[in-house]
Every structure is written in structure tokens, then in C-alpha cells.
Amino acid sequence: MDFLSILTTSVTSAIGPVAAIYALAIIGLNMHFGYTGLLNFGQVGFMLVGAYGVAISVGTYGLPLSVGVGAGILSGIVLALLMGIPTLRLRADYLAIATIAAAEGLRFVYRAPFARDVTGGVFGRQNLSDGFRELNPFPPGRYGIGDITFSSSHLWTMLVTWALVLIGSLIMWSLMHSPWGRVIKGIREDEDAVRSLGKNVFAYKLQSLVVGGVFGAMAGVMITLHQASVTPDQFRPQVTFYLWAMLLLGGAGRTLGPIIGSVVMWFLLTFTDETMRALDQMGLLPFVSGGQLGAVRHALVGLILVLLIIYRPQGVVGDRREMLVNVK
Amino acid sequence: MSRRLVTVLLAVIAAILVIPGYAAADDQGGETLSGQISDPGSSDGGVEGIDITVTDDAGDEIGTATTDTEGAWEVDLPEPGTYTVVLDEDTIPDDLEGYEIAPGAEQEKSVREGQDQVTLFRFIEPEEPAGDSEDSDQDEDELAEEEEAAEEGAEAPDVDESAPFSHQVAQVATNGLVYGLVIAIASVGLSLIFGTTRMINFAHGDMVTFGALMAMLFSTGAGGLGNSILGLLVAVALAIGIGLVLRNRVPPGVRLAVQSGLLVLGIVGATLVGIFGGEATEWRVSLLGNPGLGSQALDIAAIVLVPVAVAAAALAAGRLLRGRVSPDLVLPLQGVVLLVGLAAGVWLGAVGAALIAVVLGAALAAGMERYIWQPLRLRNVVMIQLFIVSIGVALLLRHVLLVLFGGSRMSYPEYQVQDMVGLGPIALAPRSLGIMAIAVLVLVAVACMLQFTRVGKAMRAVSDNRDLAESSGIDVARITLYVWTLGGGLSALGGILAGVHQIVHWQMGFHLLLLMFAAVILGGLGTAYGAMVGGIAIGMVAMMSTLWFPHQLMQAWALAIMIIMLLVRPQGLLGRRERIG
């Protein structure tokens, strides 16, 4: 078993483009759950509409990339409004069910055969990121330190996505230190108290849902640019659950929570994955074999979620008091 | 503390970044074409010895590969570009001659820089068992899509397009009723659990899958694993029974010793059976799930009659013995009656499997309540965190089941092919009639239980208002445990019925979960009767929508109904205004 190569693979995935994309989506989820206390179990839906904003504009209608990015973000806003207006007046658990259902319903619609002319059905859309790769300032080749290397296109995606994550975190930090942020946090702590101060709680919640949704949509846009292709089935509800696990691992309600959560979780996941694969090749895993390792990984995410809530609900950098707030 | 943790972590990452790598960098720049050809007859076997040839644009051969024991093949490419992959049909093993290859034996693939492009060949049965007449001229894409749709759990209702529209409506409505009854059975537990604990149990769908897979395990005899679980169960049951008998008769130390001895024996035995039992399951298959033993009518009758008879016998034994033998013998004797009844159920084949699965489902739910939810509630963990834990439990349960049972789609062997029974314009498979009968009987039984028995009334009281129920002297913790047990049993039964109706698949429960959410919101969160009404309505809506809209959208329509309901009447059909906050 080559321990060093397992470590380098894990670090590569922990700082790679996918971790950055997840961090971006988690910033949105942190806005919803960490700061406002909204139970959004359908963040993957925002990613889906964001990704397809690009896929449909560029792939189906041949529009320039900038239009696609704009369309993706706009779809995120529209989805937030559609999802929020019926459910935000109700108790938190209704939002939880409605969001998970809306995200899954969207996936069914995007993959349905009658939508194939527009979305590409189950096969999705390909060749989407030519415009993005033309902007790549790095000449082709591999870059990195030691064994941790990325191809030039991955490096470019990483640069853009981590920059977005950084900007997003700064925006979140300044938002949360503004009067608007105090109202938002107040809603999480005690909705009725905020209402008695004459604030329109519904409007604030809707604004929070929109802001977080835009970050989800941006993550979707970056998925499309990273992969250059997109299919509906990569937006299964499990993605949302991964995002939740990462947010809770990092610490909900904290600016750095999403980044730390995504990096640490991807490191852990790849590390266990690679270790199991190595053990499997040495014949030391009697009960599982090649194809089942992916399932073990999902089970592991579930286990991490349960153990986190039981033993360290505040995550790595969180504040325990922030997680003790109950949402009505 | 947390800052230190972050510092250490960053330091580790930095250290790793600085350490110069001495391990040879592997050359990941190359492009490859690869794939895996799986055996259509088994869940995880591959087809060995098929030749694959790759040619480039100019028609020059780039390379060939032969699939290995797992059906995998790989061809390295010199550069990015467009290549043609051809499967040599002469090398297909003889036993697969009857199959067609999707999407065709020749495929064109464009490979980009550094990409490992996967090329899929699948063996599919030339004719769909459902017998759609238009299948022959379906193109491959549509076929792939049908499969995809089926994987989503959406079953295209078989409707004769040439029949008059009213007949089609009748047929589809009946299919919807069957589907709706299955959803209703499964969602009663979800709604009751929500009512008593205010928790949305995201793991409910996977409890449904658990029931279906357990029934599969015990009805088909999946080698040593089934025997092991059965052995363990017998050991646990014996330990509990002995404990009851010995209570107050011997010193507690002796009782504990005997009990743990039995458990250890059970575990050792189960492990031995698991290791050495292997595929030699002749004796067990004849004991459990012998398809020849019961005709379908007998099966259905037994599914209904055996539990009723067993419960009645246990109750009657209790009545008879009360006052005649010492009171602490009554319970063990009732237990013996129950065990004998269960054994009879086991003997009845698939029915026994279903019974065991329902009991296991109830036990799983009760165990979760006792060892996860109750301790968490006692620690004053807030609601949101319980939701998240339930998601974690769902992921865990689902993927453990996936590891144990594999990802293939299965169906209960007894119910695969059935001749349709015609009832006027409606044609139904006998299994659908059975599902309807069982579902209606069970729903009525549950309703009677909730309406007329003390426990049922207590359940409704706790579900209505937990604090009020507690202050009026109801043991809320005990009732919650009963609600979970009932919900678990019903979800397992729902899974078995869904499995008989369509397929058994490791994700079936999750797909049903969304429909169950729609059902309980439509009927009113927290009300058992609402879940029944909502379930039937959602099933009907889902099926009826296929008359006008593509069947892939069945589930989307059900979810749309749910959202509309939230807009118009958020408390649901039978819910009350105060619940919605």
C-alpha cells in the first residue's frame, strides 16, 4: 500500500475544483440554514437550474457563455422565489419537504423525454465550456508541487472557483455584519421577537433564500464549466446531503465553515476511498469488493452526519450555541 | 480548541504540500477507452471473453481488447479524437445468443485530452416482458430511456391504446388505486411518527426498502446470510423467552448468564452458518419460500389469515390461562403460541418471508426509537438536528442494504409472470387483487385499532397534543415506541407490497418517500387517516396523469399537487389550522 500516493490523491481532491464547487454551494446553504435557520434540503435544485442555465443557453441555443452564466444565476433567483413564496409562511418542516420535493421534481422534468429538445433528456448536454477554456491563461501542461498536480484546465477552473468562494465568503461576512444580517440572525434566534419589532420576516426570509440560491446556482454553473457536460442524474438528492454533511462538519453559521467543511470532507472521503481500494487490492477486505466501495463511501457520509450531530454539532469551527437554536 | 484544530490541519496540509514526492508520478495524461460488460442474468457478474476492436477516423485499427473475468476492457489511445468501438458479436458466449446489444454493437466515441471515456454495451432482452406492441421499432435511445425511467420506480401503466377512452380511464384508475393503497400503507407510519414526535423521518423510505429486501432474502434464500440472520433471531427470541420464564425463579445472575450464553451460542452458530452455509441452501429453501408450496390464492389467504390467527391464538391463550396458572407463566406461554404461529407462517413459504420481514421492520423501527431518537430527545437535541440525523441514518441504511444486496433490480420469484384477470374493461394481475385485499384489510385493521383500542386512542391523543396527553397520564415515551413499532411494521409491509407490485430495488423506498411526503401533506401532516386518504389520492393522480402526460412525469405531478396544496390549504385535507405555525 503506497501511503504517500493515497495522501497526495486525497489532498489533490481536497483542494481541487470539485471541493471548490461544493464550497460555493455550501456558502449558499450556510446562508439558508446557518444564518437564517431555513431548512433547505433541495440545494441541489439550485445547482441543477444553474448548470442547465449554461447548458441550455450554450448547448441548445448556441448563445455566448456570458449569457449562459447570467441565465443560470437568473434561474436560481426564479427558483428561490417559486419555492419560497408558498412555503416560507409555514413552519420550517414544510420548507424541508417542499425543497427536497421541488429539487427532485425538477430533475424528473429535466430528464423527461418531452424536454429532450431543450435539455437533452437523460443524456444531457456536452461540449459546453469551449468559451470558458478559451479564457484560460495557463498554457497546456501539468502544474503543481510535488505529486499534487493539476492539468491547466483544472487549474483554471480551480482559480476561478476558489476566487468566487473567497469573494462569496467576503460578501457573506460583510452581509452578516450589516444591519440586514442582524435581522436575519434574529429571525433564526426568535422569529416572533423580530416580527414584534415591525420587520417583515417573510420578506427577509425570501431575500435570504434568493441570496443562498444564487450561490447554489453559481456552483451549478461552475459544475458545467468544469465538466464541459451535464446530465440530470448527477443532481440526485444525495448531493444535498453531502452539502449538509460538509456544512455541519465545517460549522454552520460561520464564514469559514463552508470552506473548511468542503476541504476536510473531500480529504476524508478520498482518503478512506483510496485506503479501502488499496486494502481491497491486497485482498484484505473480505466483505466488500470494487463496485461496492462507492456505497461504503455514501454510508460513511451518513455515519459522519449522525456522529457529528451527536458528538460535535458545532463542527470544526462552529459555536455550539448557534446550533442549539430551534427553528419553529 | 477549534482554532488549534484548524491550525494543526493547515499545518498538515502545508507539510504534505512541501514534502517532495519521490513516488514516480504516474502518467495520467493518456487517453483511454474502457468499459465493462455485465451479465444480464446476474447482479454483479461480468461477461468474459468478448473481443472489442477500436479503430480511428481513417479506419485504422488502434487496438483490441478482450473482457476479463469481471467483464472489463480497456484500450489505450494515441491522441484525442473520434474513434469507433466495435464489439465482435461472434465472441459472445452461447448462452447470451438470444440477447440484443444496446446501444448497438458499433459505437462512435469522441475522446478529449486526458479523458478516460467509458463505452457501454449492455445485453438486453429482445422483447419487453410487459409486451408493448410498439417495442419492435423503438430506437435504442428510447429503450435506454425506458430502462432509466423504470429505474426511477415509475412504471408505465399498461393500457390498451385502442380501447375506448372510458375504459382506459377505468383501467388507469384501478392501477392508481393499487398504487395508492401501497403508498397509503407505507405513509401511515410516517404521518403517525410525525404526529407523535414532530420529526420528519427521512429514513422512512429506507425502512420501506428494508422490508422489501428482507422479504426477498427470506423468500429466495440468499445463501448463508439469510440463515445467519434467522439463527440470530431465534437466539434472541429464545433468550428473551428464557429470561421471562426464569424471572423471579433463579437469581438474576444465573438468568443473565443463561441469556448471554444463549446469545453467544446464537452468534457463534450464525457466524458458522454464514461461513459454511454458503450456497448449500437446499434445506433452507425447502423450509422458506418454496414457490411450489403455495398457490397464489393460498399465499394471499395465508398473508391475511396467519397473522390474525396467530394474534387471536396468543390472546385466547392469555384469556384461557389467566387465573389457572401462575401469572408470570402467561406471557411466556403466549410467546410460545406466537412462535408456533410464526413457525406456521414460515412453513407457508413466501408468506413466512413477508411476516418475518414485517416483524423485522417493526423491530428495526423500535430499535431506532429506543437507541437513537429517545436518547437524543432526552438530551434536548433540537428538531433540525433530528432531521439531519434521520438523513444520516437514511444514507447509512440505504447503502448498507446496497452493499448487502447489490444494486440490481429484482422481483419476487413467485409473482414474476401472471395471467391477467379481466373484470369488465379492467384487466388486473392477480397479484394486484391480492395487494388491494391485503392493503384494505390492514388499513381497516389499523383504523379500528386507532379508533377502538386503548393503545390506539392513546396514539391519537399523543399525536394530537403531546403535552396534553402527557399531563392526562399517558405514558408518552411508551406510546411513542409503539407508534414507531407500528410504523416500522407498516412501512415494511408497504415495501413488500410495492415489491410485489413493481420491482425490488435498493432505491425503491427513496422514490416512494417523495410520494409519501406528498401523501401526508395532502392528507394533513400527523394524521393517520389523512395519510390513508392522501396516499390513495396521490397514487390515483400519479397514474391518471399518464392518460394525458408522459409517464416519466408521474412523480412530478404528485409533487406538484403537494406544492399546490401547500399554497391553498397547508394543513391538508384532514389537518387542523394550528399545526402549520
Subject >> Side-chain heavy-atom pair B:V389, A:L305 within 4.5 angstrom cut-off >> reply: no

Original post:
Between A:Q238 and B:R398, is any pair of side-chain heavy atoms under 4.5 Å apart?
Top reply: yes

**OP:** Considering non-hydrogen atoms only, spot the tightest contact between A:G105 and B:A556 and give its length.
**Re:** O-CB, 4.3 Å

Subject >> Leading residue by heavy atom contact count with chain B [cutoff under 4.5 Å; candidates A:I85, A:T149, A:I100] >> reply: A:I100

**OP:** Search all heavy atoms of A:G302 against all heavy atoms of B:L395 and return the closest pair with its distance.
**Re:** CA-CB, 3.8 Å

Original post:
Residues in ring pair (Phe, Tyr, Trp, His ring centres under 6.0 Å) with B:F549, at least two apart?
Top reply: B:W557

Subject >> Residue pair A:L300 / B:H399, side-chain heavy-atom distance below 4.5 Å >> reply: no

**OP:** Check B:I200 against A:A96 and note the closest heavy-atom contact, atom names and distance.
**Re:** CD1-CB, 4.4 Å

Original post:
Relative to the ring of B:F510, is the ring of A:F241 parallel (under 30°), tilted (30 to 60°) or perpendicular (over 60°)?
Top reply: perpendicular

Original post:
What part of A:S151 lies closer than 4.5 angstrom to a heavy atom of chain B: side chain, backbone, both or neither?
Top reply: neither

**OP:** Could you give me the CA-CA distance, side-chain angles and deciding distance for A:W244 and B:I391, then say whether side-chain contact (heavy atoms from CB on, under 4.5 Å) is met?
**Re:** CA-CA 10 Å; A:W244 272 90; B:I391 286 186; 5.6 Å; no

Subject >> Distance, nearest 0.5 Å, that separates CG of A:L248 from CD of B:Q385 >> reply: 8.0 Å

**OP:** Please look at B:I521 and chain A and tell me whether the side chain, the backbone, both or neither of the residue comes under 4.5 angstrom of a heavy atom of that chain.
**Re:** side chain

Subject >> Nearest atoms (heavy-atom pairs only) where A:A98 meets B:L566 >> reply: CB-CD1, 4.0 Å

**OP:** Output the option from B:V400, B:L397, B:L514 having the highest count of non-hydrogen pairs under 4.5 Å with chain A.
**Re:** B:L514

**OP:** Taking all non-hydrogen atoms of both residues into account, name the closest pair between B:I563 and A:P86 and its distance.
**Re:** CG2-CG, 4.4 Å

Original post:
Taking atom NE2 of B:H511 and atom CZ of A:F108, what is their separation to the nearest 0.5 Å?
Top reply: 6.5 Å

**OP:** Drop me the distance from A:L307's CG to B:L396's CG, to the nearest 0.5 angstrom.
**Re:** 9.0 Å

Original post:
Are A:I97 and B:M562 side-chain neighbours, meaning at least one heavy-atom pair lies under 4.5 Å?
Top reply: yes

